[in-house]
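Let me begin by presenting the structure, written as structure tokens, before commenting on it.
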Amino acid sequence: MQGETCHSLQSHAVHALSNICGGTTQSARALGALSCSASATSKNKMSCLTEGDVRPLIEMAKTSSIDVAETAFAALANLLSDAQIAKEALDDNIVMALTRVLKEGSLEGKISASRSLRQLLNQFPLSEVLPDYSQCCFIIHALLVCLSGISLDNVTSLEPLDVLALMARTKEDSHFSPPLCTAFLEVPESLEPLVRCVSIGPPPIQDKSIQILANLCQGRHSLLGEYLNRSQGCIASLASRVMESKDMEIRISSAVILISAMRDRREQSIDILEASKLLKDLISALVDMLKQHSSLTSLDIEIWKPYTEKSPLNYEQDVLSVPELGKVSEETVALWLLSLICSYHARSKYTVMELGGVDAVSDRLASCTANRQEQYEDSENIWTCALLLATLFQDSVIVQSSEIMRTVPSLASLLKSDDIINKYFAAQALASLVSTGSRGIQLAIANSGAVLCAVALIGQVESDMPNLVTMAEEFKLAENPSQIILRTLFELEDVCTGAIARRSIPLLVDLLKPMPDRPGAPLIALHLLTQLAEGSETNKVAMAEAGALDALTKYLSLSPQDSTETTITNLLGILYSNPDLLYHESSRSTSNQLVAVLRLGSRSSRLSAVRTLQKLFDSENIRDTEVAWQAIQPLLAMLESGTEIEQQAALVALIKLSAGNISKGSAMFDVEGNTLENLYKILSFSSSLELKKDAARLCCILFENSTIRASPIAAECLQPLISLMTSGSSMAVEPAVCALNRLLEEEYNAEVAATGEVIDLLVSFVPGTNYQLSEACIGALIKLGKDRPNCKLDMVKAGIIEHALDMILDVPVSVSSSIAELLRILTNNSGIAKSSAAAKMVEPLFLLLRRPDVTMWDQHSALQALVNILEKPQSLAALKLTPSQIIEPLISFLESPSQAIQQLGTEVLSHLLEQEHFQQDITTKNAVVPLVQLAGIGILSLQQTAVKALESISQSWPKAVADAGGIFELSKVIVQDDPQPSQALWESAALVLCNVLRYNSDNYVKVSMAVLVRLLNSTMESTVTIALSALLVQEKGSSRCAVAMAEAGAVRALLELLKSHQCEESAARLLEALINNSRVRETKVAKYAIAPLSQYLLDPQSKNQSAKFLVTLALGDIFQHESLARASDSVSACRALVSLLEDQPTDDMTMVAICALQSLVMHSRTNRRAVAEAGGILVVQELLLSPNVDISGQAALLIKYLFSNHTLQEYVSNELIRSLTAALERELLSTSSINEVILRTIYVMFSNFKKVRFSEAATLCIPHLVCALKDGNEAAQESVLDTLCLLKESWPQMNEDIAKAQSLISAEAIPVLQMLMKTCPPSFHERADSLLHCLPGCLTVTIIRGNNLKQTMGGTNAFCCLQIGNGPPRQTKVVNHSICPAWNEGFTWLFDVAPKGQKLYIICKSKNTFGKSTLGRVTIQIDKVVTEGVYSGFFSLSHDGGKDGSRTLEIEIVWSNRPSNDSM
């Protein structure tokens, strides 16, 4: 309601003014008061004022009366808040009136005008309100003047200040040139009101003033800083607002102003803060600001940022080149302000540290670098963090904190940023850290990847943003932080020699290339590469791989300044000090460029080039180039005319250039023909020992050329060199001796120098630590000692042996090599080799051989010396080394690629193994493998020594020899034909092999048969014995082995052994085993063996019964082959076997001999005759009576074979039959068995020789034949049947008594023959039946009883009558009164021949009162009973032509050889 009333009054007031021409001030004031009230009530309720209602006020403001204008503006000030009114006023050019009031009006009018202007600026852009820059400047100055006149007591708002704030914050600087902010600074004194507001004004006024001043900081900050520092209250107020204000923008603005105040007057500002005791609190507030993580403000303030273009502070630059202002964050201004404070005030650094500022910055930086920077609106926040850290890290105490290490990864990451500012200040922070931090921090930085980024930064800042260097100076930071980082880190060995440096090298090498945008980079890179090259050989190689050599050579070709040229050549010299780089592809081009400098450069350049060439000439690859040849002339010129230093450098270069190249020596010799003459002059006349030394060194090189060495001028150098040796200068003696050593290659020079004085001098130089000198002296002594016995003795007298032994183990291998060769030369003299001094050499020489670096030539010399000495065993008496210490090095020599060393090593080892304790030492076992390998190498000299050594070793270590392949390798020696081994070598190898086989019989099968057969030819019985054992084992393993052995000559070798009575039993055993093989018997060797075997049996020296048995067995095996049994040599075998049997051998041998004879005589009449003539019949006849049934049986079989035909009929006798009979009887009695062979032999005798059948012996044989027929088996029975049949056939022709006797005796066989007819096979029946029917016998008939013999009338008194043929009848007794009479009465008839076709007639009769009556008759054919023996049963009685079956007689008929007891 009240607002509506005010608006109504306003409307009436305006109408009143419009009705009154010109209006009145009172009405205007009233309207002004009403407008203020209305404005306070509602800013939007101006609708009561229609268009044109405010025109009277506008007109009043434009009137000439200043008071009226002021009154009008007092009224308009609030009315202009309405956009429509403001637009109307602006269109009526109200600004001009407003400007006049600000210029001429009273303080109150200016305030009203200021309020009106504020309303307009709130509605319209500044460029529409004040389009002219000069007008803006005037209003700003007017407002500042107005502000200075206003009291600040109890004031909460100032209109002029508000307008200034709006104008200062404008974003329309692009419409004004220069920027509007410069208007505030055109009259510096006008800033005083703003400063006063900050100093003494209340907080709202302070804040408004601070906002204005913050916007002015982009201008002349130095001018602003001056006014700010004049007022101590201003600095303190600003600090207070930073600490106390709750408005973030005010805090930021206050901090920005403080930054401007401190930039040029840091000391003054900090002193003010310290005096007001606000510094620490301010730092605390700033640190808190860092921790807030606030967002960006709306303030567009450029604090302090370098640009790649001209600085925006340069007023003369084009407006369009001014960069857009950036929004800042609270953290950014805090970082800036802390950086400024800490860059001056050291104690503040500790405060920041204590308050957690470092942690906050580290966290902020880590957060920024851990993500993409695009996510952060305030990019300035990042590098300002690094700036603050760079300032803090300048303090060595702060960097000792454990928290500092956290910052390294973030800084390293920031160093990789694409923004040059970020990289630069990250490098500053890291530079501060590496300068003040510990080694651990430095390594952490190195490992973070900062090094590569620092390399990439070299020369970039100076060219891209030179004002960064200025900013660094303001903060007391390094100008080139990347260089500091790299130089400091490269001083660390871990970095310099590690992978970091190697990764940096390619980047630094790239910087050597001229770059217009980075002109300073090559020189910096050159120094850094030099630093890296000096610290690591690996870096040198890496630089070469990165192309440094090529880049430096090209750089040198550009003819840089002298100092740079020297630096380049020095770096090249450092790089080429690495031997690997001497062969780099760029080395030749480098050499070419250096030679050009040597010719055309200044004196200092030439000296530097020579020193670099010295290193390049270490490479044969360079020395052999045309460029190197081209260097000779300028070097010789420098040698001739240069200063002492230049001569020294030239000499060294020439020495290296000509080393190992005879042609270059010749070239120097040929250059004007005065090179050697100049050297001679230096040696003879120069007063400088240094030059003489180098001249001698060059002479030493030149004297490698035989042509130069043989020249007259070279011979003239001999005496100056000897004189130089006596100079007493250690540095001159060595090259002099080396040159003399070369000169002595010429025999003429050696003869001249071969004096006792020279020898004594050389011997005196041998001891000492100058090993090159020692080596040269020893080499000269070696040349003087060759073929000069007197010189050798002089050397010994001079103590050379003592000197050599004292140093041989402590000197380099080259010296020890020379010493060993000298000792070899000396010990070639037998007198020296036998001396006690030579015995002292043994242990040192063995110790020398144990050295791992000993060369092949050393080995040869030392071993030869040992061989010379060890030929005398007493030389080992004083040896203190254990066998293992001596043998161990010798083992390696056995595997040397040099045959000479292998030879000497085995010789030494052979000498040592003559001692038992060397044989048994465990180390000796390790020598087996190489010795075995040498044994089979096929080189006789090596084989001889190796096998000799193995001969000793195999006794102690046979298994090791076998495991090392000794069986195979030794076998190769044994069968080796090309080259043919000596007998001693062969026997030695055979002995070693047998030692191995003797150790383990399992090895027998591992040796080839050819080798074992060869061993049979050995002269050593032990070897032959082992070979025989092995062959026997192999023969048992496979039947095929026997054939292979025979083919390998085993049979002949075995026969030779038997002939020589060597290993008889084993040889005979193997021979028998071989011949027992049927396939061997088919070969020629079997036939060849007959005679030697027979001779062995006949040889009276053959005493070994086992061997004789085996030989006999072998003969028996041979004669199993029919063709061999018929061979011509078999006759001798027959005699040998008979002779053997005559000697009454063992049963086994007898058996074998008999069997052999059986084979011999079975198919050959000649052999039968030979046996008989040799007395074999009698011998065999005696054997028939042997208690050994087998022997007697085989003897009988032999008799059978002997008499199988009529060849030996004259030798047939009764005694032979008696012997056979006796043998048969003996066997029957002793074994109760029948010898079938004897029976068959008897049959053969009776069959082939009929006259024997008529003999008494034959008759006496029959009972035994009958026994054999009774008790023998089928075969025996068959033989007996055959024999009895033969005798039966002869009975008709022989004497009757003899025949009868034989038949009677043969009749004893009747029961047996009858049994055979029943039980034997049908084949026996015919012969048995024929015998039964021709033999005499006895027929017995027994009437047992009768049955049913009743008569029709009367009783029966029965009896029987018997009759055979025409013989007298026989009658039984009468049995009365019985129809079944029992007679049991027998009757016997004797026959000379079994009855044939005859019948037995029996009549049964009864005797009674009336006479005799016939009861019946029985007729029986008795032929059947002869065969069956017994014929019995019930026979029916026939009566009156018919048979009465009821009447029977029980009768038994028996045919036998004698009557039964009953019948008798």
Worksheet item: Sequence neighbours excluded, which residues qualify as side chain to side chain contact (heavy atoms under 4.5 Å, CB included) partners of Ala390?
Response: Gln428, Ala429, Ser432, Leu477
Discussion item. Measuring only between side-chain heavy atoms, which start at C-beta, is Leu76 closer than 4.5 Å to Ile94?
Written reply: yes
Practice prompt. Decide whether Glu267 and His345 meet the rule of one side-chain donor and one side-chain acceptor closer than 3.5 Å.
Written response: no
Response to the item:
Contacts of Ile66 meeting side chain to side chain contact (heavy atoms under 4.5 Å, CB included) (sequence neighbours excluded), chain-then-number -> Glu70, Arg100, Val101, Glu104
Worksheet item: Is atom CD of Glu108 surrounded by more than 12 heavy atoms (other residues, nucleotides or ligands) closer than 6.0 Å?
Response: no
Worksheet, complete the sentence: Thr63 meets the side-chain hydrogen bond (donor to acceptor under 3.5 Å, both in side chains) criterion, sequence neighbours left out, with none
Fill in: Aromatic ring pairing Phe475/Trp336, orientation class (parallel under 30°, perpendicular over 60°, tilted between)
tilted
Worksheet entry | Backbone of Asn78 reached by a side-chain donor or acceptor of Ser81 within 3.5 Å | yes
Discussion item. Could you tell me if the side chain of Leu290 sits less than 4.5 Å from the side chain of Leu338, heavy atoms only?
Written reply: yes
Item to complete: Using salt bridge (Lys or Arg N to Asp or Glu O under 4.0 Å) as the criterion, list what pairs up with Glu244, not counting sequence neighbours.
Response: none
Discussion item. For Leu414 versus Ala386, what's the shortest heavy-atom pair and its separation?
Written reply: CD2-CB, 3.8 Å
Discussion item. What's the separation between atom CG in Leu335 and atom CG in Leu340, rounded to the nearest 0.5 Å?
Written reply: 11.0 Å
Fill in: side-chain hydrogen bond (donor to acceptor under 3.5 Å, both in side chains) partners for Ser339, two or more places apart
none
Worksheet item: Under 4.5 Å between any side-chain heavy atoms of Ser116 and Leu120, yes or no?
Response: no
Worksheet, complete the sentence: CG (Leu80) and CD1 (Ile85) are apart, to the nearest 0.5 Å, by 7.0 Å
Worksheet item: Listed by chain and number, what are the salt bridge (Lys or Arg N to Asp or Glu O under 4.0 Å) partners of Arg241, not counting sequence neighbours?
Response: Asp207
Fill in: Set of residues satisfying side chain to side chain contact (heavy atoms under 4.5 Å, CB included) with respect to Asn122, sequence neighbours excluded
Arg118, Gln119, Leu166
Discussion item. For a quick test of reading the model, state the closest non-hydrogen atom pair linking Met289 to Ala334 and the distance between them.
Written reply: CB-CB, 4.0 Å
Discussion item. Is the shortest side-chain heavy-atom distance between Lys208 and Ile205 below 4.5 Å?
Written reply: no
Worksheet item: If we only count heavy atoms from C-beta on, is the Cys146 to Leu102 side-chain gap below 4.5 Å?
Response: no
Practice prompt. Would you mind listing every salt bridge (charged side-chain N to carboxylate O under 4.0 Å, His left out) that reaches into residues 250-260, with sequence neighbours excluded?
Written response: Arg251-Glu330
Discussion item. Could you check whether any side-chain heavy atom of Glu192 comes within less than 4.5 Å of a side-chain heavy atom of Leu144, counting everything from C-beta outward?
Written reply: no
Practice prompt. Could you tell me the separation between the CG atom of Leu130 and the SG atom of Cys137, rounded to the nearest 0.5 Å?
Written response: 10.5 Å
Worksheet item: Got a donor-acceptor contact below 3.5 angstrom from the Ser106 side chain to the Gly109 backbone?
Response: yes
Discussion item. When you compare the side chain of Ile341 with that of Leu286, does any pair of heavy atoms fall below 4.5 Å?
Written reply: yes
Practice prompt. Applying side chain to side chain contact (heavy atoms under 4.5 Å, CB included), name anything that partners Ser269, two or more places apart in sequence or on another chain.
Written response: Asn229, Ile235, Ala261, Met262
Response to the item:
One should read off an interatomic distance between Leu238 CG and Ile257 CD1, to the nearest 0.5 angstrom, of 5.0 Å
Worksheet entry | Ile283 side chain near Leu337 side chain, heavy-atom distance below 4.5 Å | no
Item to complete: Kindly write out the residues that satisfy salt bridge (Lys or Arg N to Asp or Glu O under 4.0 Å) with Lys87, not counting sequence neighbours, or none if the list is empty.
Response: Asp91
Worksheet item: Which atom names give the shortest non-hydrogen contact between Lys291 and Ala360, and what distance separates them?
Response: CG-CB, 3.9 Å
Worksheet, complete the sentence: Closest non-hydrogen contact found for Ala255 with Val242 is N-CG2, 3.6 Å
Fill in: Non-neighbouring partners of Ser240 that pass side-chain hydrogen bond (donor to acceptor under 3.5 Å, both in side chains), sequence neighbours left out
none
Response to the item:
Sorted by chain and residue number, the side-chain hydrogen bond (donor to acceptor under 3.5 Å, both in side chains) partners of Thr391 (sequence neighbours excluded) come out as none
Worksheet item: Once you round to the nearest 0.5 Å, how far does CG of Leu258 lie from CG of Leu273?
Response: 6.5 Å
Worksheet, complete the sentence: Value for OG1 (Thr384) from CG (Leu365), rounded to nearest 0.5 Å, stands at 9.5 Å
Discussion item. Determine whether a donor-acceptor pair (N or O, by modelled atom type, separation under 3.5 Å) exists between the side chain of Ser237 and the backbone of Val198.
Written reply: yes
